[in-house]
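As a basis for the values below, the full set of heavy atoms in this structure was taken, side chains included, without hydrogen atoms, waters or symmetry mates.
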Amino acid sequence: MKRQILTFAAVGVLNTAVYYCLYLLFLIWLPYLAAHVLAFVLSMVGSFFLNARFTYRIRPTWRKFLLFPLTNVTNFLITTAGVYVIVDVLHAGSRFAPLLASAAAIPVTFVVSRWVMLPGSLA
């Protein structure tokens, strides 16, 4: 479990970097929420394959791939609400809002991810 948590964290850091780069790229052409959603979906696909291979050491399947978005529903809701609050309520700017908003959802995402990727396991 300790190795999984550390690997999950490392994958999360890489995934966050990919997400953030995509977010900044899409922000050039899209409104911030559209850039957030598109970057989030694309980075989630990468996260699935990295977590399957390195965190849980399992073979990716279509079933797990289709269930994997469930692991990010809470993450998505928290980060999307956080981005909205930071940008529209606090007027803090859209460049760093996703990084600040994403930290709160990490523990919940790990628990749900482990449950989806390793059915029958208790996190």
Side-chain angles (χ1 to χ4, degrees):
M1 174 85 89
K2 184 178 178 181
R3 184 200 58 78
Q4 286 179 350
I5 292 170
L6 293 173
T7 307
F8 185 83
V11 167
V13 168
L14 177 62
N15 189 54
T16 300
V18 168
Y19 158 79
Y20 190 59
C21 289
L22 289 172
Y23 173 76
L24 291 177
L25 178 68
F26 297 146
L27 198 56
I28 294 169
W29 300 287
L30 300 170
Y32 76 90
L33 280 177
H36 165 67
V37 170
L38 186 55
F40 191 93
V41 169
L42 292 174
S43 66
M44 185 174 56
V45 172
S47 179
F48 169 75
F49 288 105
L50 289 172
N51 276 303
R53 172 70 176 98
F54 297 108
T55 303
Y56 303 111
R57 297 180 180 182
I58 60 168
R59 187 176 61 83
T61 64
W62 278 108
R63 181 183 184 283
K64 289 176 181 158
F65 180 76
L66 295 174
L67 287 173
F68 192 74
L70 295 175
T71 69
N72 289 294
V73 169
T74 301
N75 184 309
F76 180 77
L77 293 175
I78 291 170
T79 57
T80 301
V83 166
Y84 173 78
V85 168
I86 291 167
V87 173
D88 284 344
V89 176
L90 301 176
H91 305 289
S94 60
R95 289 188 67 81
F96 296 106
L99 296 177
L100 298 172
S102 65
I106 292 170
V108 174
T109 303
F110 174 75
V111 170
V112 178
S113 173
R114 185 166 158 68
W115 175 75
V116 166
M117 301 295 263
L118 300 172
S121 69
L122 297 175

- Hphob cluster co-occupancy, Leu118 + Phe8, side-chain heavy atoms under 4.5 angstrom: yes
I'd like a table of donor-acceptor pairs (distance under 3.5 Å, sequence neighbours excluded) in which one partner is a side-chain atom from residues 85-93, with atom names and distances.
| from | atom 1 | to | atom 2 | distance (Å) |
| --- | --- | --- | --- | --- |
| Asp88 | OD2 | Tyr32 | OH | 2.8 |
| His91 | NE2 | Asp88 | O | 3.4 |

- Give a yes or no on whether Phe49 and Phe110 share a hydrophobic cluster (residues Ile, Leu, Val, Met, Phe, Trp, Tyr; joining criterion: side-chain heavy atoms under 4.5 Å apart). yes
- With sequence neighbours excluded, what pairs up with Thr71 under the side-chain hydrogen bond (donor to acceptor under 3.5 Å, both in side chains) test? none
- Message: Which residues pass the ring pair (Phe, Tyr, Trp, His ring centres under 6.0 Å) test with Trp62, not counting sequence neighbours?
- Response: Phe65
- Message: Would you say Tyr23 and Ser43 are linked by a side-chain donor-acceptor pair, where the criterion is simply a distance under 3.5 Å?
- Response: no
- Taking the side chain as every heavy atom from C-beta outward, state whether Phe54 and Leu14 have any atom pair closer than 4.5 Å. no
- Smallest heavy-atom separation, Pro98 atom then Ser94 atom, equals CD-O, 3.6 Å
- Message: Suppose we screen for side-chain hydrogen bond (donor to acceptor under 3.5 Å, both in side chains). Which residues come up paired with Ser47, at least two apart in sequence or across chains?
- Response: Asn51
- Query: Val13: what forms a side-chain contact (heavy atoms from CB on, under 4.5 Å) with it, not counting sequence neighbours?
  - Reply: none
- Path from Leu27 to Val37 over hydrophobic side-chain contacts below 4.5 Å: yes
- What pairs with Phe68 under ring pair (Phe, Tyr, Trp, His ring centres under 6.0 Å), at least two apart in sequence or on another chain? Phe48
- Item | side-chain hydrogen bond (donor to acceptor under 3.5 Å, both in side chains) against Asn75, all qualifying residues, sequence neighbours excluded | Thr109
- Message: Assess the residue pair Leu38 and Leu22 against the criterion (side chain to side chain contact (heavy atoms under 4.5 Å, CB included)); give the C-alpha distance rounded to whole Å, side-chain angles, the decisive distance to 0.1 Å, and a yes or no.
- Response: CA-CA 8 Å; Leu38 186 55; Leu22 289 172; over 6 Å; no
- Partners of Thr16 by side-chain hydrogen bond (donor to acceptor under 3.5 Å, both in side chains), sequence neighbours excluded? none
- Side-chain touch Leu50/Asn15, heavy atoms, less than 4.5 angstrom: no
- Query: Given the rule that I, L, V, M, F, W and Y join up when any side-chain heavy atoms are under 4.5 Å apart, are Met44 and Leu66 in one cluster?
  - Reply: yes
- Flag yes if Val45 and Tyr56 sit in one hydrophobic cluster, no otherwise; membership is Ile, Leu, Val, Met, Phe, Trp, Tyr, and two members link when side-chain heavy atoms are under 4.5 Å apart. yes
- Message: Under the side-chain hydrogen bond (donor to acceptor under 3.5 Å, both in side chains) definition, can you give me all pairs with a residue in residues 1-10, not counting sequence neighbours?
- Response: Gln4-Arg114
- Those residues at least two apart in sequence (or on a different chain) that pass side-chain contact (heavy atoms from CB on, under 4.5 Å) with Ala52 are Ile58, Pro60, Met117
- Task: For Phe40, check ring pair (Phe, Tyr, Trp, His ring centres under 6.0 Å) against everything at least two apart and list the hits.
- Result: His36, Phe76
- Item | Any residue meeting side-chain contact (heavy atoms from CB on, under 4.5 Å) with Arg95, in chain and number order, not counting sequence neighbours | Tyr20, Leu24
- Got a second to check how far Thr79's OG1 is from Leu100's CG, nearest 0.5 Å? 12.0 Å
